[in-house]
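Down below is the structure, laid out as structure tokens.
Numbering of ligands and ligand atoms starts at 1, following listing order. Predicted, not measured: the structure shown is a model, and the values here were computed from it. Side chains included, hydrogens not; waters and symmetry mates left out as well; all remaining heavy atoms used.
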Amino acid sequence: MGIKILGTGSYAPKRILTNADLEKIVDTSDEWIRTRTGIEERHIAADNETASDMAEKAANNALDMAGISVDEIDLIILATVSGDRPFPSTACILQKKIKAKNAVCFDVQAACSGFLFGIEIINSMMNSNPNFKKALVIGVEKITYLTDWKDRNTCILFGDGAGAMVLEHKDGASGVIASKIATDGTYTDILEVPAGGSAKPIDEKVLEERSQYIRMQGQEVFKLAVTSMVNASKEVLEQAGMEASDIRWLVPHQANLRIIKAVGKRLGLTEENVYINVNKYGNTSAASIPIAVDELVRAGKIERGEYLLLTAFGAGLTWGASLIQW
Ligand code: UT7
């Protein structure tokens with residue numbers, strides 16, 4: 001039993017949309033966005049840049065860091081809510097692009113918590129089936145295609161990007177020490193894309209109501225996000241018999257600086273131990289945690305053997321936490 005993290009990678013599209021740019025699109029201000037969310041800018045995928053294109057770049061970066069050939073990968077789990085097409089899975093499209101011919105590939109849909117769900121699934125599959133030895137887990141979003149650029153409540157929040165991690169099954173390794181994933185379907189309506197699925201296919205009425213785009217009850221989501229991430233984090237620390245002070249970095253889902261700070265504070269962590277990059281990316285949903293982890297690793301801000309506590313929250317509702325050792 002055991003998992004080792006071999007490498008990480010990430011990618012953000014070239015185009016940057018600043019708060020000043022948004023001031024020209026909706027009735028908002030740089031000051032409001034910074035104060036209420038901490039976001040300064042976000043990356044936006046080009047029209048012809050797909051989720052699988054971004055995933056390809058993040059995956060190749062992670063494979064390079066891991067120093068392994070793509071032929072060694074036998075499992076790919078890709079978390080997204082903004083994949084290339086309804087089917088086939090974006091994981092299979094990625095498989096073709098990176099030529100991962102020996103892998104089994106599938107998508108996971110758990111919104112902003114998707115990457116943590118992917119880690120949990122990989123951990124379980126690798127520790128129960130000897131056929132799975134090396135895996136890629138990816139969080140990718142072209143979520144700006146679901147963004148209503150006329151809705152100032154939501155369009156200021158989101159950005160596109162991808163992050164990836166290569167994991168290896170290795171007896172005795174403690175890459176994934178403890179984890180928790182959870183859902184509560186009673187809150188499906190507080191953060192949703194109402195149309196565009198089989199329940200409400202896109203038609204003229206949908207387009208008129210703009211219900212093919214993200215809708216969110218921000219304050220309700222805010223409160224549930226803080227309590228859920230704090231509770232999940234405490235639970236995995238307890239499972240591992242560790243204290244928050246043992247953690248080098250808390251890496252919370254990057255949705256809002258006020259949420260991130262509230263979670264850090266309730267776990268008793270100081271700002272030096274809470275990783276923040278929401279200012280540069282906005283909320284990239286499933287990509288947010290792997291992008292943050294990759295930044296930490298590549299900036300040399302985490303040493304081998306140190307601990308990261310990852311925690312996320314998103315539509316579903318979904319949430320979770322993973323305690324990992326780099
Ligand atoms: O990734 C999944 C998890 N997602 C989240 O965790 C997001 C959670 N929610 C949030 O981050 C915050 O609720 C928001 C950033 C979305 C909103 O912040 P808030 O402090 O909850 O603001 P609010 O919705 O209560 O709105 C306050 C005021 C309202 O005006 P009135 O009614 O007080 O006159 C809004 O109309 O701010 C107004 N407002 C804006 N003003 C300028 C809302 N959006 C904007 C805007 N620019 N972009």
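- Within 6.0 Å of the CD atom in Glu271, the count of heavy atoms belonging to other residues, nucleotides or ligands does not exceed 12.
- Heavy-atom proximity to Arg258, at under 4.0 Å, picks out these atoms of ligand 1: 18 (O), 19 (P), 20 (O).
- In summary, the atoms of ligand 1 found under 4.0 Å from a heavy atom of Thr37, numbered by their order in the structure, are 15 (C).
- Of all non-hydrogen atoms in His253 and Phe313, the two that sit nearest each other are CD2-O, 3.4 Å.
- Checking Asn153, Ile156, Ile143 against atom 43 (C) of ligand 1, the nearest heavy atom belongs to Asn153.
- Counting atoms of ligand 1 from 1 in the listed order, those under 4.0 Å from a heavy atom of Gln219 are 13 (O), 21 (O), 23 (P), 25 (O).
- Among Trp32, Phe313, Phe158, the residue whose heavy atom sits closest to atom 17 (C) of ligand 1 is Trp32.
- In this structure, Gln239 places its CD atom where more than 12 heavy-atom neighbours from other residues, nucleotides or ligands lie under 6.0 Å away.
- Every heavy atom of Leu22 sits 4.0 Å or more from the atoms of ligand 1.
- The Leu191 neighbourhood of ligand 1 comprises atoms 2 (C), with distances under 4.0 Å to a heavy atom of that residue.
- The residues Arg298 and Asp294 are annotated as salt-bridged, a charged nitrogen and a carboxylate oxygen being separated by less than 4.0 angstrom.
- Near Thr28, with a cut-off below 4.0 Å to any heavy atom, the atoms of ligand 1 are 42 (C), 46 (C), 47 (N), 48 (N).
- Within the 4.0 Å heavy-atom criterion, neither part of Ile33 lies near ligand 1.
- Under 4.0 Å from ligand 1, the heavy atoms of Ile259 that appear belong solely to its side chain.
- Paired with Arg42 under the rule side-chain hydrogen bond (donor to acceptor under 3.5 Å, both in side chains), one option of Asn19, Thr18, Asn283 passes, and it is Asn19.
- Short contacts between ligand 1 and Asn256, defined as distances under 4.0 Å to a heavy atom of the residue, involve ligand atoms 10 (C), 11 (O), 12 (C), 15 (C).
- Contact check for Lys101 versus Asp71: side-chain heavy atoms found under the 4.5 Å cut-off.
- Aromatic ring centres of His169 and Phe132: separated by at least 6.0 Å.
- Within 6.0 Å of NZ on Lys97 lie more than 12 heavy atoms contributed by other residues, nucleotides or ligands.
- Counting atoms of ligand 1 from 1 in the listed order, those under 4.0 Å from a heavy atom of Gly218 are 8 (C), 9 (N), 13 (O).
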